[in-house]
Undergrad: 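Before I ask anything, let me first share the structure, which is written out below as structure tokens.
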Amino acid sequence: MTQSVGVIGLGAMGMGMARSLSAAGFSVAAYDLSAEAMARAAETGIVTHETPAAVIAASDAIVLSLPLASHVEATVEAGLAAGAFSEPKIIIDTSTSEAAVSRRLATRLADLGHGFLDAPVSGGPQGAASGALSVMLGGDEQWVARAQPVLDAIAAKVIHVGPSGAGNIAKLVNNMLVACHMLTTAEGLRLAEASGLPAEDAMRVINSATGRSALSEIHFPNWVLSGSFDSGFSAGLMRKDVRLALELAQESGCAMPVSELVASLWSEENSGVSDNQDFMLLGRVEAGTKEKTNG
Ligand code: NAD
């Protein structure tokens with residue numbers, strides 16, 4: 001049974017997962033590029049290391065929570081180059097990454113006796129901190145079984161979607177829908193307000209009727225209508241997901257005219273929201289309000 005777990009990437013998601021793992025009784029080793037994130041982790045009893053390879057060497061299972069697929073690949077390659085993969089290990093990559101990269105790493109590590117699961121997550125920083133994420137897994141059954149105790153500590157729901165890369169594909173489909181729902185929900189509420197119905201009243205109805213989604217039930221009440229815009233997910237990372245979903249569509253020859261329009265509305269230029277701002281700003285109900293037409 002896995003006892004020592006590494007976490008590489010201690011941002012909005014990784015920090016919460018590291019703490020959930022610690023609370024579940026695992027001994028947790030961690031690394032982040034940011035000294036400040038490392039110091040905050042150390043305050044809660046997490047053992048920090050100077051390099052990602054040292055975290056891999058010290059752990060049976062390693063959870064990655066990194067911005068991009070290129071970071072995931074570089075981290076695993078650095079671990080291999082440093083000889084950190086001495087015992088059989090399982091990498092659980094919770095980053096929103098790319099199926100092709102996951103398949104490449106799963107094959108490369110399987111040849112050496114190690115496992116790699118694509119394990120993107122949904123549920124935000126709140127889900128990570130409370131061990132209540134939803135995880136969508138791609139990879140072999142034997143490695144899923146091996147990862148189960150770690151997954152139990154970070155997730156309320158685990159769905160084994162299929163072979164390597166399947167979790168990444170499911171996550172990109174999910175997040176493309178989130179991007180669409182964000183704009184259509186804001187537009188619906190804008191129509192309600194422009195026609196004299198307060199957004200809160202329209203929302204009560206939508207959430208009891210068929211127009212609802214996680215965005216209308218959770219995100220808009222908590223982070224848009226409240227005016228807080230602090231969900232803990234950056235617009236830049238969400239734009240990455242939209243871009244990857246459209247790249248996947250292109251590779252698969254799948255037409256997505258609505259998503260293409262949504263992607264263009266999501267751009268920094270068209271939305272006025274910069275990469276480092278919270279993604280919920282894309283849902284501002286007042287944005288895009290036009291002059292009334294006469295007649
Ligand atoms: P974040 O920007 O808050 O944190 C990323 C962390 O990774 C930072 O602390 C950064 O210093 C660190 N980092 C960057 N490159 C690194 C490297 N090479 N080695 C070690 N550390 C490195 O991002 P986040 O919101 O925690 O997202 C992490 C991943 O989870 C992303 O792939 C994101 O798309 C995905 N995700 C985020 C959310 C969310 O709500 N925030 C939800 C689901 C999935």
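The analysis underlying the following values was restricted to heavy atoms, covering all of them including side chains, and did not include hydrogens, waters or symmetry mates. Indexing begins at 1, ligand by ligand and atom by atom, following the structure's order.
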Undergrad: Can you give me a line-by-line list of nitrogen or oxygen pairs between ligand 1 and the protein shorter than 3.5 Å?
TA:
from, atom 1, to, atom 2, distance (Å)
ligand 1, 3 (O), A12, N, 3.0
ligand 1, 9 (O), D32, OD1, 3.3
ligand 1, 9 (O), D32, OD2, 2.7
ligand 1, 11 (O), D32, OD1, 2.6
ligand 1, 21 (N), L33, N, 3.4
ligand 1, 26 (O), A12, N, 3.1
ligand 1, 26 (O), M13, N, 2.9
ligand 1, 32 (O), L66, O, 2.8
ligand 1, 32 (O), P67, O, 3.3
ligand 1, 32 (O), T96, N, 3.0
ligand 1, 32 (O), K240, NZ, 3.0
ligand 1, 34 (O), T96, OG1, 3.4
ligand 1, 34 (O), K240, NZ, 3.0
ligand 1, 41 (N), G232, O, 3.1

Undergrad: Count the heavy atoms belonging to other residues, nucleotides or ligands that lie under 6.0 Å from CD of Q142, then report whether that count exceeds 12.
TA: yes
Undergrad: Below 3.5 Å, can you tabulate the donor-acceptor pairs from side chains in residues 172-187 to any protein atom, sequence neighbours excluded?
TA:
from, atom 1, to, atom 2, distance (Å)
N175, OD1, K171, NZ, 3.3
N175, ND2, D241, OD2, 2.7
T184, OG1, C180, O, 3.1
T184, OG1, H181, O, 3.4
T185, OG1, H181, O, 2.5

Undergrad: Does E200 pair with R204 as a salt bridge, N-O distance under 4.0 Å?
TA: no
Undergrad: With rounding to the nearest 0.5 angstrom, report the CE to CG distance, M280 to L225.
TA: 9.0 Å
Undergrad: Please give the remaining members of the hydrophobic cluster of I56, linking ILVMFWY side chains under 4.5 Å, ordered by chain and number.
TA: I8, Y31, L33, M38, V55, I62, L64, L66, V72, V76, L80, F85, I91, V101, L105, L109, L112, F116
Undergrad: Could you work out the complete set of other residues in the hydrophobic cluster of I159, with links drawn between I, L, V, M, F, W and Y side chains under 4.5 Å apart?
TA: M136, V161
